[in-house]
Amino acid sequence: MKTEVFFLDENNIDFDIIDRAANVIRNNGTVVFPTETVYGLGANALSGEAVKKIFAAKGRPNDNPLIAHVSSMNMLLYLIGSPLRAEAGLLIDKYWPGPLTLIFKKSGKVPDEVTAGLDTIAVRMPDNRIALELIERSGLPIAAPSANISGKPSPTTPEHVIADMKGKVNMILCGSKCRVGVESTILDMSGDMPVLLRPGGLTLEELEILLGPVRVCGRKVGDKKIPKAPGMKYTHYAPDADMIIVNGELNNVKMKIQELATEYSSRGMKVGVLASDETAGYYKACKVLSLGSRLDARVIASNIFEKLREFDKIGVDIILAEAFDESHLGMAVMNRMKKAAGFNIIEV
Ligand code: AMP
Ligand code: MG
């Protein structure tokens with residue numbers, strides 16, 4: 001497939017290009033676009049035929065539902081099947097547009113392909129002007145998962161989306177590097193109590209300011225059980241190399257990682273270490289990438305997928321990763337890292 005690629009400046013948008021992209025969406029084609037979390041692979045959320053193209057381009061299992069992206073409250077109300085609850089209204093007032101996806105009972109307008117046959121729909125309003133203009137000018141909600149090949153780290157730069165999606169979609173809109181760098185937080189509002197299904201760019205602590213204590217859905221789901229958050233059973237964010245996380249007191253972590261790095265290198269393996277600014281200088285005889293300072297979780301989050309992809313490019317055989325603190329944005333970072341490592345964690 002021929003893919004048109006355009007570069008846009010979020011602060012000085014070329015609306016002719018947005019209109020061309022909106023036309024592709026209205027004609028049930030596929031458009032990759034930037035958001036504040038990660039790049040999305042979008043199609044008309046009201047057309048089953050359009051949405052099928054997303055699953056085909058990504059190689060995504062079709063029982064893994066998508067998030068519908070909206071630019072207005074009217075679009076949200078069109079997609080949901082019951083009146084908006086007060087709690088949801090409060091969250092929307094405070095955190096939209098932003099990295100918070102809410103799950104509601106769906107209306108009859110939503111095709112089964114979007115929700116993988118569920119009676120609920122996931123909706124969010126992205127905090128990126130290119131994304132909002134595209135949705136607004138299409139006049140349609142846009143279903144979009146991350147614009148990576150299924151199972152791979154999510155794309156956060158134009159280089160990533162071009163590498164994964166060129167030739168597989170009709171159009172790619174490139175913006176800047178994604179500000180947040182991890183996907184949205186998913187909160188299920190369809191039951192009696194809000195439940196956190198996926199930690200993401202909006203922290204649990206921020207949600208709890210408005211909601212009080214929030215239930216967090218169990219972490220890993222066995223193959224036989226029906227997953228509460230569909231998609232949780234699939235491999236996610238996996239770099240090409242095997243990955244091991246080392247968790248514990250930072251000095252012990254450093255020593256363990258160096259010990260493992262020495263051992264793997266002696267077996268002829270190319271070793272990558274995923275470190276932080278505070279520790280990166282410590283490691284010898286391996287390729288070290290830093291996620292940033294441990295004092296700034298926002299920087300760590302914005303770099304996680306980029307660094308995992310960088311190890312793929314370098315072609316390491318094994319990645320040894322320092323664990324990070326799991327509070328605030330660290331919860332989302334560690335969630336992605338654990339999945340990338342297939343829950344391969346050494347405690348020291
Ligand atoms: P992504 O994989 O980033 O495209 O995000 C989509 C994720 O949102 C899916 O993998 C699910 O975990 C979650 N999701 C989407 N729709 C629903 C839904 N109706 N109910 C529960 N989780 C959902
Ligand atoms: Mg994804």
Side-chain angles (χ1 to χ4, degrees), residues 30 32-43 45 51 53-55 57-70 76 79-82 88 99-107 109-124 126 131 141-156 160-161 164-165 178 180-191 193-202 215-221 225-239 301 304-305 308-309 332 335-336 339-340:
T30 46
V32 169
F33 60 95
T35 81
E36 82 282 27
T37 58
V38 303
Y39 276 76
L41 163 47
V51 165
K53 295 176 187 166
I54 296 176
F55 288 91
K58 280 186 63 109
R60 180 177 172 109
N62 60 10
D63 63 349
N64 193 357
L66 306 178
I67 296 170
H69 292 69
V70 300
L76 166 69
L79 295 173
I80 68 178
S82 48
L100 173 64
T101 294
L102 298 173
I103 292 178
F104 302 99
K105 292 273 182 248
K106 75 170 190 175
S107 76
K109 320 281 193 333
V110 180
D112 278 345
E113 285 83 353
V114 176
T115 60
L118 297 170
D119 64 355
T120 52
I121 177 149
V123 189
R124 91 171 186 105
I142 297 184
S146 50
N148 51 285
I149 293 164
S150 192
K152 290 278 136 200
S154 302
T156 54
H160 299 163
V161 277
D164 276 20
M165 287 299 148
C178 300
V180 176
V182 290
E183 296 85 347
S184 59
T185 300
I186 302 182
L187 189 69
D188 188 348
M189 300 297 291
S190 68
M193 299 277 287
V195 181
L196 182 81
L197 299 186
R198 173 175 81 182
L202 188 78
R215 230 185 86 204
V216 178
C217 181
R219 269 121 188 99
K220 203 187 171 193
V221 181
K225 287 186 226 152
I226 296 176
K228 173 67 185 150
M232 282 171 77
K233 68 182 179 184
Y234 294 111
T235 317
H236 258 96
Y237 322 118
I304 179 68
F305 289 129
L308 290 178
R309 280 179 177 253
N335 169 277
R336 306 310 186 269
K339 288 183 178 178

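One-based numbering, in listed order, for ligands and for the atoms of each.
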With a 4.0 Å heavy-atom cut-off (strictly under), which part of [X] contacts ligand 1: side chain, backbone, both or neither?
X	answer
Arg198	side chain
Ile186	side chain
Leu118	side chain
Lys105	neither
Ile67	side chain
Leu197	side chain

For [X], the ligand 1 atoms whose distance to one of its heavy atoms is below 4.0 Å:
X	answer
Ala122	15 (C), 16 (N), 17 (C)
Asn64	9 (C), 10 (O)
Leu66	15 (C), 16 (N)
Ile103	17 (C), 18 (C), 20 (N), 21 (C), 22 (N), 23 (C)
Thr120	18 (C), 19 (N), 20 (N)

Short side-chain donor-acceptor distance under 3.5 Å, Glu183 and Ser154
yes

Judged by modelled atom types alone, do Thr35 and Arg124 share a side-chain donor-acceptor pair under 3.5 Å?
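Result is yes, a qualifying pair exists.
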
Contact check: Tyr237 to the Mg ion (ligand 2), N/O/S below 2.8 Å:
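False for Tyr237.
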
In the structure I gave you, are the side-chain heavy atoms of Phe104 and Leu76 within less than 4.5 Å of one another anywhere?
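In short, these two side chains touch, coming nearer than 4.5 Å.
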
For [X] versus [Y], what's the shortest heavy-atom pair and its separation?
X	Y	result
His160	Pro155	CB-CB, 3.5 Å
Asn148	Gly151	ND2-N, 4.2 Å
Tyr237	Leu308	O-CD1, 3.9 Å

Quickly, which of Leu187, Asp188, Thr185, Val123 forms a side chain to side chain contact (heavy atoms under 4.5 Å, CB included) with Leu102? Name it, please.
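Result for side chain to side chain contact (heavy atoms under 4.5 Å, CB included) with Leu102: Leu187.
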
Test Leu41 against every option in Lys53, Arg60, Lys58 by the side chain to side chain contact (heavy atoms under 4.5 Å, CB included) rule and name the one that passes.
Lys58

From atom 2 (O) of ligand 1, work out which of Arg60, Glu183, Arg124 has a heavy atom at the shortest distance.
Arg60

Does the plane of the ring in Phe33 sit parallel, tilted or perpendicular to the ring in His69? Use 30° and 60° as the thresholds.
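Ring orientation of Phe33 relative to His69: perpendicular.
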
